[in-house]
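For reference, the structure is listed below as structure tokens.
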Amino acid sequence: MNIAIFASGRGSNFQAILSAIDAGLLSARVTVLISNRSDAAALDIARTRKIQTSHLSQKMFPSEEALVEAMLNVLSQQRAELLVLAGYMKKIPLQVVRRYRNRIVNIHPALLPSFGGAGMYGHFVHEAVIASGMKVSGATVHLVDEEYDRGPIVMQKTVEIIQEDTPDLLAAKVLKIEHEIYPLALKAFAEGKVKIEGRKAWITL
Ligand code: GAR
């Protein structure tokens, strides 16, 4: 399975996916790393591994159509079969969502459908979770559709929240399980075990 990774920042989920591939746990190939930020650390990880990189930012194009065209070109040139968002802080353009329907996944640092949507990313998520008084949080792998953080849920795992947790401590606990479940979810895709029925997705045995 050829994977295109989309990342905007540090790239620890990208690294976890590469480690799972290296360890033989995930049968896949990352053919391209796409970032909207030229200074993303994820780009350095890709360069070190000699993985093709592509910096695609709206600022570089006169219109959204032009950005979409460039993105679709990169994806088809690199024969991407699954688009994997790993800390990608931009919305995937509608035309790309439609072209890769049910073939775009994202990881979110909370238990969707709660604590998702516009503005809910990075530390904002953990601040909102702590402020809510919830006793559990977690990570969610879900398919990307037209609605922000609303596509069918593929996999989730929880962590407990204790009184001493700060947003930073919770973020670290959640990140640890993100690194566990993202490769597992991708393995299910690679093995053709993800079944999608309407708003629901299931991993078959
Ligand atoms: C991760 O915690 C990921 O769940 C979150 O950004 C972080 C990226 O870390 N994504 C979102 O908030 C998307 N809404 P990484 O760059 O080290 O993988």
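All ligand and atom numbering here is 1-based and tracks the order in the structure. Just so you know, these numbers use all the heavy atoms, side chains as well, and skip hydrogens, waters and symmetry mates.
- Atom CD1 of I92 sits about 14.0 Å away from atom CZ of R99, to the nearest 0.5 Å.
- Applying the 4.0 Å criterion to heavy atoms of M120 picks out, from ligand 1, the atoms 14 (N).
- Between atom CG of residue L186 and atom CG of residue L25 there is a gap of 12.0 Å, rounded to the nearest 0.5 Å.
- When only interatomic distances are considered, the shortest N/O to N/O separation between G11 and ligand 1 falls below 3.5 Å.
- Counting only heavy atoms of the protein, atom 14 (N) of ligand 1 lies nearest to H108 ND1, 3.5 Å.
- Of all protein heavy atoms, the one closest to atom 8 (C) of ligand 1 is G87 CA, 3.6 Å.
- Here CG of L143 is found 14.5 Å from NZ of K200. Values are rounded to the nearest 0.5 Å.
- To the nearest 0.5 Å, the span separating CG on D149 from NE2 on H108 amounts to 5.0 Å.
- The part of E178 lying near ligand 1 is the side chain, judged by heavy-atom distances below 4.0 Å.
- Taking a cut-off of under 4.0 Å to the non-hydrogen atoms of Y121, the atoms of ligand 1 that pass are 12 (O), 14 (N).
- Here CG of L26 is found 8.5 Å from CD of E191. Values are rounded to the nearest 0.5 Å.
- When R101, R98, R199 are each tested for a salt bridge (Lys or Arg N to Asp or Glu O under 4.0 Å) with D145, only one passes: R199.
- If you take OH on Y182 and CG on L85, they are separated by 5.5 Å, rounding to the nearest 0.5 Å.
- Ligand 1 has no N or O atom lying under 3.5 Å from any N or O atom of D149, backbone or side chain.
- In this structure, the protein non-hydrogen atom closest to atom 6 (O) of ligand 1 is M89 CE, 3.4 Å.
- Considering only non-hydrogen protein atoms, atom 12 (O) of ligand 1 sits nearest to G122 N, 3.1 Å.
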List the steps and the verdict of salt bridge (charged side-chain N to carboxylate O under 4.0 Å, His left out) for K91 and E147. CA-CA 10 Å; K91 213 167 175 204; E147 278 183 87; over 6 Å; no
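- Of the protein's heavy atoms, I107 O, 4.1 Å lies nearest to atom 13 (C) of ligand 1.
- Considering backbone and side-chain N/O atoms, S12 comes within less than 3.5 Å of an N/O atom of ligand 1.
- Nearest protein heavy-atom contact of atom 11 (C) of ligand 1 is P109 CD, 3.7 Å.
- For ligand 1, one of its N or O atoms has an N or O atom of R10 under 3.5 Å away.
- S137 and H126 form no side-chain donor-acceptor contact under 3.5 Å, judged by distance and modelled atom types alone.
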